[in-house]
Amino acid sequence: MVTMDVILAVLIRPVLWPTAVGTVLALAPRRWWVRRPFLPIPDRDFVAWRVTTAYGHPDMTLVADDVVSYLQWRRRNRP
């Protein structure tokens, strides 16, 4: 779902790094650190649902510009 384009789009914008990390942690399942792979990876069903609501189909991949726009919006609107 997350492609190298999305990762690169965020990596070249250091101002969005804290927002991106905060977003990943906010979307991570509770107690993610006690289950393999011990990373704050959002649940696949949740991600599929979010992708479906954004693009109309669960098999679509995230568009880098959309992710950057979302992170910029979240940065502006979160304390």
Side-chain angles (χ1 to χ4, degrees):
M1 301 248 182
V2 175
T3 62
M4 191 56 78
D5 291 345
V6 171
I7 294 168
L8 290 175
V10 175
L11 284 178
I12 64 171
R13 294 170 175 87
V15 71
L16 294 179
W17 294 357
T19 305
V21 169
T23 301
V24 167
L25 291 174
L27 297 177
R30 292 180 184 179
R31 297 180 45 87
W32 57 265
W33 58 88
V34 298
R35 284 175 259 145
R36 290 187 186 274
F38 309 114
L39 296 170
I41 299 171
D43 181 66
R44 283 187 183 271
D45 291 337
F46 176 75
V47 173
W49 175 77
R50 292 299 295 144
V51 169
T52 301
T53 61
Y55 300 112
H57 195 278
D59 295 330
M60 298 295 291
T61 57
L62 295 172
V63 176
D65 289 341
D66 293 344
V67 173
V68 168
S69 293
Y70 172 72
L71 291 174
Q72 289 169 336
W73 171 82
R74 188 170 161 110
R75 182 173 179 264
R76 282 191 310 269
N77 293 294
R78 291 279 182 179

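Hydrogens, waters and symmetry mates play no part in the numbers below; they use all other heavy atoms, side chains included.
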Under a single-linkage definition using a 4.5 Å side-chain heavy-atom cutoff for Ile, Leu, Val, Met, Phe, Trp and Tyr, are [X] and [Y] assigned to the same hydrophobic cluster?
X: Val67; Y: Leu8; answer: yes
X: Val68; Y: Val51; answer: yes
X: Val47; Y: Trp49; answer: no
X: Val6; Y: Leu39; answer: no

CG on Asp43 to CZ on Arg50, rounded to 0.5 Å:
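It comes to 13.5 Å.
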According to side-chain contact (heavy atoms from CB on, under 4.5 Å), who are the partners of Arg35, at least two apart in sequence or on a separate chain?
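With neighbours one apart ignored, the set is Pro29, Arg31.
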For Ala28, give me all partners under side-chain contact (heavy atoms from CB on, under 4.5 Å), at least two apart in sequence or on another chain.
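side-chain contact (heavy atoms from CB on, under 4.5 Å) list for Ala28, sorted by chain: Trp32, Pro40.
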Heavy atoms, side chains only, cut-off 4.5 Å: are Leu62 and Tyr55 in contact?
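With C-beta onward as the side chain, the pair touches.
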Which side-chain N or O atoms in residues 11-27 pair as donor and acceptor under 3.5 Å with protein atoms at least two apart or in another chain?
{"residue": "Arg13", "atom": "NH1", "partner": "Ala9", "partner atom": "O", "Å": "2.6"}
{"residue": "Trp17", "atom": "NE1", "partner": "Val10", "partner atom": "O", "Å": "3.1"}
{"residue": "Trp17", "atom": "NE1", "partner": "Leu11", "partner atom": "O", "Å": "3.3"}
{"residue": "Thr23", "atom": "OG1", "partner": "Thr19", "partner atom": "O", "Å": "2.7"}
{"residue": "Thr23", "atom": "OG1", "partner": "Arg74", "partner atom": "NE", "Å": "2.9"}

Where do Phe38 and Trp33 come nearest, in terms of heavy atoms and distance?
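Result for this residue pair: CD2-O, 3.2 Å.
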